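Let me begin by presenting the structure, written as structure tokens, before commenting on it.
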Amino acid sequence: MALKLYNTLSGRLEKFVPLGDTVRIYTCGLTVQSEPHVGHIRAALVRDILMRWLNHLDYKVVALENFTDVDDKIIEKQKEFQKDWRLIAQEHIDTYLWSCDKLNIKRANFYPRASQHMEEIISLVQRLVEKGYAYEKNGDVYFRVRKFPDYGKLSKKSIDDLMAGARIAPTELKEDPLDFALWKAAKPDEPFWLSPWGKGRPGWHIECSAMSMHHLGDTFDIHTGGEDLVFPHHENEIAQSMAATGKHFAKYWLHNGWVTLTGEKMSKSTGHYSPVVEVLGRYSGNVIRMYMLKTHYRKQLEYAEARLDEARAAYATIKTYLDKHEEMPELAEPLMLSEFTEAMDDDLNTSRALGIIYELIKKGHETDNPEITASVKYYFSLLGFVVEEKAVLEPYAEVITIMRDVEEKLHKEKEKDILNDIKIDFYERVTKMKDVRELSNRIIGLLLDIRNRFRKEKKYDFADYIRQRLMDNGIVIDDESIDKSTFRLEAK
RNA sequence: GGCGGCAUAGCCAAGUAGAAAGGCGGCGGUCUGCAAAACCGCUAUUCGCCGGUGCAAAUCCGGCUGCCGCCUCCA
């Protein structure tokens with residue numbers, strides 16, 4: 001079986017056949033006029049999963065993700081906040097990339113910006129004018145939609161249907177209401193670039209054609225983005241690009257379903273959205289990744305706290321399993337590879353892929369096979385989850401504070417024997433330490449021993465005090481027997 | 001009005017012709033000072049509704065209902 005992807009262009013699953021040695025991907029990123037929301041992250045995650053799986057299948061991949069930093073909206077924002085549009089753009093780009101890093105989303109190879117590709121944009125518009133696909137009116141340049149026979153193929157719309165439902169305000173400048181702007185004349189106080197049609201700036205759509213063609217060539221493999229871009233953005237991209245080159249544009253079009261909030265699509269312009277920064281304040285990147293991968297990328301996904309909480313529990317199941325089981329150091333081939341591959345090859349079915357991980361875990365409990373643990377870990381990180389080293393904590397002040405408070409309490413309650421033992425024990429443990437990073441672990445180990453001593457003596461107040469203090473700091477104790485307890489970090 | 005998508009357990013979600021994956025939650029149990037965790041077991045005779053094709057339908061076809069979206073800026 002080979003990779004199959006759902007291509008919006010054909011409306012069906014297609015076998016993936018790359019055009020050349022390197023798979024070239026273009027992702028429609030943000031128009032950076034406002035802060036990124038959960039929906040943007042989903043689109044980025046789709047590219048991430050696609051890249052990871054292609055890499056796993058031994059394809060070389062080059063991926064581009066654009067930032068549209070010049071458009072009507074950002075100019076409005078500039079006026080509204082009296083802030084340079086470049087600063088507004090940069091701020092949102094920084095937030096977006098920071099968020100992507102938090103989710104361990106693979107970086108694209110390059111993030112081109114519209115404002116840095118004016119030459120390419122202008123020359124593309126010029127080509128379209130020369131070929132008769134575009135015309136200039138008062139410093140604006142429009143694309144002649146009716147001249148491009150395949151218009152509507154991607155979004156499955158016919159020109160007549162569009163006309164019937166047209167809510168497009170009749171513009172005296174356009175020959176046809178369906179025509180769209182490639183270039184817009186600058187109004188006073190607006191950013192502008194010099195062009196053969198005077199001072200102006202690009203329309204939305206043209207920058208993506210110019211940048212993808214410039215960096216990836218006239219024809220490339222995969223174009224991805226949110227489903228809301230199918231019409232008109234991607235439809236227009238196809239029309240512009242193919243009209244200019246006479247060649248096919250992108251071979252496969254992948255569109256992810258949108259993220260909804262109270263059942264309705266998140267959208268920047270209506271303010272109906274959850275900023276990703278806010279979400280990252282409450283949930284870890286791994287949890288958000290789990291939340292998104294649980295649902296197939298083409299389906300609509302509801303954003304709600306209950307879903308994130310559920311994802312956290314689902315994530316914790318795998319994380320805890322990995323923390324508690326020994327893995328095989330070297331794994332020849334992960335178990336259930338054919339099942340996992342089949343799921344991912346089927347249009348990146350992460351939902352099914354996760355199911356396979358849980359099946360492995362169930363088997364792992366029955367047999368305690370280190371090969372299973374290693375397989376789980378392998379798939380988990382293949383899906384982009386960050387798998388940290390087992391229970392190695394950075395030394396941190398909280399643990400030391402707890403230790404000190406416990407000692408103080410021991411003093412108060414005149415537990416002299418224990419205090420003496422601690423000194424010896426602590427010295428032992430610290431001198432045997434090979435790495436300073438073990439300090440927290442060693443102190444916690446000592447605290448667990450003290451606690452178990454109290455448990456044996458049935459001094460539960462003291463034992464519970466230690467447990468509570470650790471728990472308050474996200475350190476969870478698992479009692480395995482009266483003298484064996486382990487700890488782990490609460491999965492967040 | 002035109003075009004498109006979706007509907008599977010309490011919640012979420014795979015599955016698109018041949019015995020309903022998985023997760024969360026819930027219930028019962030093992031363990032246990034308690035708690036937590038972990039583990040074990042149970043939790044859809046049935047896939048929005050009606051009709052059709054077929055040996056066989058959640059899966060294909062037709063109709064209906066409901067929700068969502070696009071046609072205007074959007075990941």
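Everything quoted here is computed from the prediction, not taken from an experiment. Letters A, B, ... mirror the listed sequences (proteins, then strands); counts begin at 1.
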Ignoring hydrogens and angles, are the base of [N] and the side chain of [X] linked by a donor-acceptor pair under 3.5 Å?
X: A:R467; N: B:rC34; value: yes
X: A:D464; N: B:rG33; value: yes
X: A:K157; N: B:rC70; value: yes
X: A:E359; N: B:rG22; value: no
X: A:D479; N: B:rA35; value: yes

Return the value, rounded to whole Å, for the distance between atom [atom1] of [X] and atom [atom2] of [N].
X: A:M290; N: B:rG23; atom1: CE; atom2: C1'; result: 8 Å
X: A:E342; N: B:rG22; atom1: CD; atom2: P; result: 16 Å
X: A:K484; N: B:rC31; atom1: NZ; atom2: C1'; result: 15 Å
X: A:D345; N: B:rG15; atom1: CG; atom2: P; result: 14 Å
X: A:H255; N: B:rC68; atom1: NE2; atom2: P; result: 23 Å
X: A:H205; N: B:rU72; atom1: NE2; atom2: P; result: 10 Å
X: A:R298; N: B:rG69; atom1: CZ; atom2: C1'; result: 16 Å
X: A:R312; N: B:rC11; atom1: CZ; atom2: C1'; result: 17 Å

Q | Donor-acceptor under 3.5 Å (A:D69 side chain, A:A89 main chain) | A | no
Q.
Looking at A:R52, is its backbone amide N or carbonyl O close enough to the side chain of A:H56 to form a donor-acceptor pair, meaning the two atoms are under 3.5 Å apart?
A. no
Paired with [N] by Watson-Crick or G-U wobble geometry, both distances under 3.5 Å: which nucleotide is it?
N: B:rC60; result: B:rG52
N: B:rU65; result: B:rA7
N: B:rU46; result: none
N: B:rG1; result: B:rC71
N: B:rG28; result: B:rC40

At under 4.0 Å between heavy atoms, what does [X] touch on the DNA or RNA strands: base, sugar-phosphate, or nothing?
X: A:T317; value: sugar-phosphate
X: A:N349; value: sugar-phosphate
X: A:T295; value: sugar-phosphate
X: A:V46; value: nothing
X: A:G225; value: sugar-phosphate
X: A:M266; value: base
X: A:F231; value: sugar-phosphate
X: A:E264; value: sugar-phosphate
X: A:E227; value: nothing
X: A:T486; value: nothing
X: A:R307; value: sugar-phosphate
X: A:K73; value: base
X: A:D72; value: nothing
X: A:H296; value: sugar-phosphate

[atom1]-based separation of [M] from [N] [nearest Å]:
N: B:rG15; M: B:rC70; atom1: C1'; result: 28 Å
N: B:rG28; M: B:rC12; atom1: P; result: 25 Å
N: B:rC61; M: B:rG22; atom1: C1'; result: 31 Å
N: B:rG18; M: B:rG66; atom1: P; result: 32 Å
N: B:rU46; M: B:rA38; atom1: C1'; result: 33 Å
N: B:rC49; M: B:rU65; atom1: C1'; result: 7 Å
N: B:rU30; M: B:rA14; atom1: C1'; result: 31 Å
N: B:rU8; M: B:rC68; atom1: P; result: 15 Å

Is any side-chain N or O of [X] closer than 4.0 Å to OP1 or OP2 of [N]?
X: A:K156; N: B:rG2; value: no
X: A:S351; N: B:rA21; value: no
X: A:K324; N: B:rC39; value: no
X: A:K294; N: B:rA14; value: no

(Q) One pair to check against side-chain hydrogen bond (donor to acceptor under 3.5 Å, both in side chains): A:Q240 and A:N236. What are the steps and the verdict? (A) CA-CA 6 Å; A:Q240 293 158 354; A:N236 292 355; over 6 Å; no
Q | Passing candidate, side-chain contact (heavy atoms from CB on, under 4.5 Å) with A:R298, options A:D347, A:L348, A:L254 | A |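 Only one of A:D347, A:L348, A:L254 forms a side-chain contact (heavy atoms from CB on, under 4.5 Å) with A:R298, namely A:D347.
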**Q.** side-chain hydrogen bond (donor to acceptor under 3.5 Å, both in side chains) between A:D101 and A:S99, worked out
**A.** CA-CA 5 Å; A:D101 287 348; A:S99 310; over 6 Å; no
**Q.** Ring-base stacking, A:W258 with B:rG69 (5.5 Å, 30° cut-offs)
**A.** no
Pairs under 3.5 angstrom, nitrogen or oxygen only, protein versus nucleotides 40-43 of chain B, please.
| from | atom 1 | to | atom 2 | distance (Å) |
| --- | --- | --- | --- | --- |
| B:rG41 | OP2 | A:K362 | NZ | 3.3 |

Q: Would you please indicate if the ring centroids of A:H40 and A:Y96 are separated by under 6.0 Å?
A: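 Ring centres of A:Y96 and A:H40 not closer than 6.0 Å.
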(Q) Aromatic contact between A:H234 and A:H205, with the criterion being ring centroids under 6.0 Å apart: yes or no? (A) no
